[in-house]
Structures are given as structure tokens and as C-alpha cells.
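Note that these values count all heavy atoms, side chains included, but never hydrogens, waters or copies made by symmetry.
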Amino acid sequence: MTISMILASQSRPRRDVLYAAGICPTIKVSHVDEPAALEQAAQQAGVPVERLDVGHRVAILAHAKANAVYEAYRAVADTSKAARGERVIAYPLESEQVRAQRRADEELSVNAAAAPAASGSSDVGAGQPASVVSSAITRDFSGVTPPTRVEPIGKPVNGNEGLNGSGPGPLIVGCDSMFLFDGECYGKPHDEATARERLRRMRGRSGELWTGHCIIDFATGRAIQDASRAIVYFGEYTDEDIDRYIATGEPLEVAGSFTLEGFGGAFIDRIDGDPHGVIGISLPLLRRLVSKLGMRWTDLWNVEPHAPNPEEQDKHPDSVLPPIENVHQPGDGWVSCACGRRHWGTHGAAGILLARRNADGEVTHVAMQHRAQWSAEGGTWGIPGGAIADNETPIEGALRESFEEANITPQDIEVVGSYREDHGPWAYTTVFAFEKPGHEVRLRANDDESMEIAWVPVGEVPNRKLLTAMRTDWQRFADRLHGLAAANRAR
């Protein structure tokens, strides 16, 4: 049994510590307003924020971050559980057209092997042109009539019940660090002048780095927390060292204006206490907290021993490299498929086709994503979505990804059907959804996977430069949306 972890932080050092320990977490940034969270907690305690000790502060913020992510996943789980309608599953590789093309390709390959000088070689798969086989361009099944079957949308896919299942987890981990120096709590300095003043005071002296940890078991809602503490001793460094360190940008957005694992590590003489806590996440403390929740630490391992860090690998073949700050999620990776393509998502992928209706219940617009240039088929239009994470259902993956990419808030939509294109080792699920009556989804690009997110009039969709798969499927998707809208008017 593997229990998934969700880390409420995009901190690269925290991710690296976990990955080296055998855990690849799903990253979900909490976007907590830290000053507001501290102020609220202080008001509830009847004291000013300045009276809260450092241990109390990091505990407050760690819990606030874990709880914000818990609530976000609760919205995903509730929307997924309320999904209604039908799941249509299509098997294009089993269609007569594709089978006939495969037989022709095999015959051509045999002939080419027998007479290579005369006919050359063929590397065509599943009816795809040789120029794009094994590329990251999505498949084109134009003219293909795949066999299909229909089942209730609530039926688990491959037995996976996801967030609404009965098993433990996922475990949501929130962390926050502060540096206690001369009786004052230091968070992130944010500007050069503050960082310079602090670093000058700290040289040749020591202070305490505190990191609060909170774990929430999504299955039960139970929360448990504690803090890590270490004494950090700084060496004697010069004003020029400080200026050059600040020029790296590193000390501006880290607690206490220093790091152990980065440029600042050379200026730290020693540490008394847990070094992982100084980096921002304490493995021994997490292990103890997991044990108190009645789980085994080793059940969190989901990385093969000695596997290369996937963040160092090219995630996007045949395209411009993604921004360096992009994070690797569980389920990210390429799958070689019998259709002759490489598909993104080791557990498959999914996206949301969200429609807006007018007062008469008719579909007028759909939410679309103008894909970033570095992505596969960059510059085209499609729907927001991505790889499905560990122990996540297609609907849950689509809801999570569409919020992260396009700000499609789960609590404002209703899922009314899906279309699953099944290739055997890989599948893509398009989830059909409407805005709930009286609710409005405010689209925006939440990350750098999109050049633009927009409500596109239904009639204008075919005029856009569409992702190959979307161009192939659009007419049947539009027909189904209109049918679903009519059915919902009847309800």
C-alpha cells in the first residue's frame, strides 16, 4: 500500500529532501496570507502578534497552510462525488480502420525488411505519418469510428476510488520556518536592505531556526503538528561576501535570510539539532507524526531507489524546455503507446471541458487554454488539464489540474459526463461540466502552462488553432455538450 503525500509548498529544497527520502509529493501551494493568519490567531488568543512566541507562530502558519490545501482538496472530492451522467469509453485502437492500417503497416515493414534498398524503411504506428510517430504531438483519429461502451460516471476506474475511498490519506503536509535571533522572530526579508542588516548582525553569532510541521489525514480530517528546532552558528564573513550573497537573490525569500543547502551554506560553521529542519522540512519529525497517525513511514515511499530526480530530466521532448521553476508531480512522465505516440501521464491524463450557459440553458461559451509555447503543440488551444497523480481518479485529476492552470474552482461547477479515450496502457479523460446555476468561474492563468485562458464562444472554437486531438474531437464534444444542456433543462 502506498499513501500519497500532498506538500503545501513549492519550495525546491523541501521537494528535494522528500524525493531523496523516497517520496515524490503532489505540490499544492496554499496561498495563505501569513500576516493575516497570525493576526487572526493572536486575536483569538487575546494578545498582540508580538506576544506569540516563535514556536507558536510556526505552528499557526504550518496548520493554516495544511488546512487551506485540505479545504481545496475537499472541494475537489465533493465535486467529484457529486458527478452524474455517463462515462463514454472509446477504444480507437480497436477500430476496424486502425486495425486495417496496422495490417498495412506491418506488411509494408516486412516488404521493407526484404528489400531495404528499393523501398526504404517504415516507422509508422497505428496509422500515423512516419514524420510524427513517437512525437509529443497528440494523436489524430479523424475518420475513425471507435467501438465504445457506456457506464455510470461514478463507477471506479480500475478500482480506484480516489479521495472518496476508504483508505488512509492522502497526507497533507504544511510547513513554515522562522529564525529567532536576539529575541526577535525573523521571517523572509523580501528586500535587500533588510537582508543586509540582518546578515551583518548574524555573522559570528548564532540563532534558532524553528520549522512548524502540520499533517492532515484527508480521509479522517485528523490533524497533528509539532515543530523542529536547531541552533545555527554563523562564521565570520565580510561585507563584500554579504553583497555578493544578496546579489544571488537567495537570501531575500528564505526565513532568516540564509540557506543551508544553497549559496549560504558556506557561511554556516555548524548546526546543533536537526539539519533537515533548517532546510525547511524535518524527516525525523514527519516520521514521528506519521506514526502517531497510525501509519508507517515506509508506506509513503513512491520513488524507486536510486532513480534519477525527474525534475532534472526533459519533461517535454519535441518542444521548448519548460520554465526552470516547473515542478514534477507524481504521475508526470511519458508513456510509449501502441498508437505510435508518446503520451504525457504515467497514470493517464484528464482535463475539464467547462461550458457556460445562458438564461435559457443553452451552451454559449467554453473555457479554453492557449497552451504555452514550451508545451507539446505549444501555441494551440485546448482544455486545461494534465497528468493524473497517484491514487487520483480522472475526474479528481482534471479538477485539480484545471484549477491550477485556469482557476476553474471545483465548488462552482457540476460534472455531468465524461469521455475516456482508452489506448490500453494510457487513456485521456475529457470531463464535461457546467457552471452551477448562480455561480461564476473567473478564469485566469494560475501558472505558466498557459499563454491565455478565455471563455470562447462555441461557434468560434473551430476557428482557433486547436490541439490536434481537440480538433479531431470537437464536433462530437460540442454535440454532447448541447445534448447535456438540453437534458439538464429538462431536469
Side-chain angles (χ1 to χ4, degrees), residues 7 9-25 27 34 54-55 57-58 61-62 173 175-213 227-286 303 306 308-313 323-328:
L7 180 62
S9 170
Q10 198 168 331
S11 161
R12 176 65 179 268
R14 287 183 179 129
R15 284 152 36 206
D16 286 347
V17 166
L18 288 170
Y19 198 86
I23 300 170
C24 181
I27 303 301
E34 296 183 15
V54 62
R57 294 191 201 190
V58 295
L61 294 178
V173 177
C175 304
D176 192 83
S177 299
M178 284 190 176
F179 186 60
L180 182 65
F181 184 78
D182 279 348
E184 184 177 353
C185 293
Y186 287 169
K188 302 170 184 176
H190 299 303
D191 63 78
E192 294 186 4
T194 302
R196 182 175 288 106
E197 188 273 333
R198 291 181 181 179
L199 289 166
R200 284 176 174 169
R201 292 179 57 201
M202 287 155 49
R203 60 185 163 195
R205 302 179 65 193
S206 65
E208 299 177 18
L209 197 289
W210 288 69
T211 299
H213 299 65
S228 162
R229 171 183 174 273
I231 302 176
V232 183
Y233 296 85
F234 298 94
E236 293 288 351
Y237 42 81
T238 67
D239 284 350
E240 182 181 3
D241 290 332
I242 293 174
D243 290 340
R244 296 189 68 177
Y245 183 37
I246 289 174
T248 69
E250 180 182 275
L252 303 185
E253 298 301 325
V254 291
S257 313
F258 68 91
T259 67
L260 175 62
E261 74 287 350
F263 289 101
F267 304 119
I268 296 173
D269 281 351
R270 79 175 195 272
I271 292 171
D272 290 344
D274 180 7
H276 280 152
V278 178
I279 295 174
I281 189 162
S282 168
L283 294 177
L285 179 52
L286 283 184
V303 176
H306 312 302
N309 190 327
E311 294 189 18
E312 306 302 331
Q313 300 173 344
I324 194 170
E325 63 271 15
N326 269 34
V327 301
H328 178 92

To the nearest 0.5 Å, tell me how far [X] [atom1] sits from [Y] [atom2].
{"X": "H213", "Y": "D176", "atom1": "NE2", "atom2": "CG", "value": "10.5 Å"}
{"X": "E236", "Y": "R205", "atom1": "CD", "atom2": "CZ", "value": "11.0 Å"}
{"X": "L7", "Y": "I281", "atom1": "CG", "atom2": "CD1", "value": "5.5 Å"}
{"X": "L283", "Y": "D274", "atom1": "CG", "atom2": "CG", "value": "7.5 Å"}
{"X": "L180", "Y": "L209", "atom1": "CG", "atom2": "CG", "value": "10.0 Å"}

Flag, side chain of [X] to backbone of [Y], donor-acceptor distance under 3.5 Å:
{"X": "D16", "Y": "P13", "value": "no"}
{"X": "Y19", "Y": "V303", "value": "no"}
{"X": "H276", "Y": "V17", "value": "no"}
{"X": "D182", "Y": "E184", "value": "no"}
{"X": "S206", "Y": "I231", "value": "no"}

Where do [X] and [Y] come nearest, in terms of heavy atoms and distance?
{"X": "G280", "Y": "C175", "value": "O-CB, 3.7 Å"}
{"X": "L285", "Y": "S228", "value": "CD2-N, 3.7 Å"}
{"X": "G277", "Y": "T211", "value": "O-OG1, 2.8 Å"}
{"X": "V54", "Y": "C185", "value": "CB-SG, 3.6 Å"}
{"X": "V58", "Y": "A227", "value": "CG2-CB, 4.3 Å"}

Show your working on side chain to side chain contact (heavy atoms under 4.5 Å, CB included) between V173 and L18 and close with a plain yes or no.
CA-CA 11 Å; V173 177; L18 288 170; over 6 Å; no
By side chain to side chain donor-acceptor pair (under 3.5 Å), which residues pair with [X], not counting sequence neighbours?
{"X": "Y186", "value": "R201"}
{"X": "R200", "value": "none"}
{"X": "R14", "value": "S9"}
{"X": "E34", "value": "K65"}

How far apart are the C-alpha atoms of R15 and Q10, what are their side-chain angles, what is the distance that settles it, and do they pass the side chain to side chain contact (heavy atoms under 4.5 Å, CB included) test?
CA-CA 8 Å; R15 284 152 36 206; Q10 198 168 331; 4.0 Å; yes
Applying side chain to side chain contact (heavy atoms under 4.5 Å, CB included) to F234 and I268, what does each step give before you reach the verdict?
CA-CA 4 Å; F234 298 94; I268 296 173; 4.2 Å; yes
Could you tell me whether D239 and R203 have a side-chain N and a carboxylate O separated by less than 4.0 Å?
yes
Output a table of donor-acceptor pairs, distance under 3.5 Å, between side-chain atoms of residues 242-259 and any protein atom two or more places apart or on a different chain; print 'none' if there are none.
residue, atom, partner, partner atom, Å
D243, OD1, R196, NE, 3.0
D243, OD1, R196, NH2, 3.4
Y245, OH, E250, OE2, 2.7
Y245, OH, T259, N, 3.4
T248, OG1, Y245, O, 2.5
T248, OG1, E250, N, 3.2
E250, OE1, F263, N, 2.9
E250, OE2, T259, OG1, 2.7
E250, OE2, F263, N, 3.2
E250, OE2, G264, N, 3.0
E253, OE1, H190, ND1, 3.1
E253, OE2, H190, ND1, 3.2
T259, OG1, G262, N, 3.2

Using the six-membered ring wherever Trp is involved, compare the ring planes of F181 and F179 and label them parallel, tilted or perpendicular (cut-offs 30° and 60°).
parallel
Could you list all the salt bridge (Lys or Arg N to Asp or Glu O under 4.0 Å) pairs where at least one residue sits in residues 257-272, not counting sequence neighbours?
R270-D272
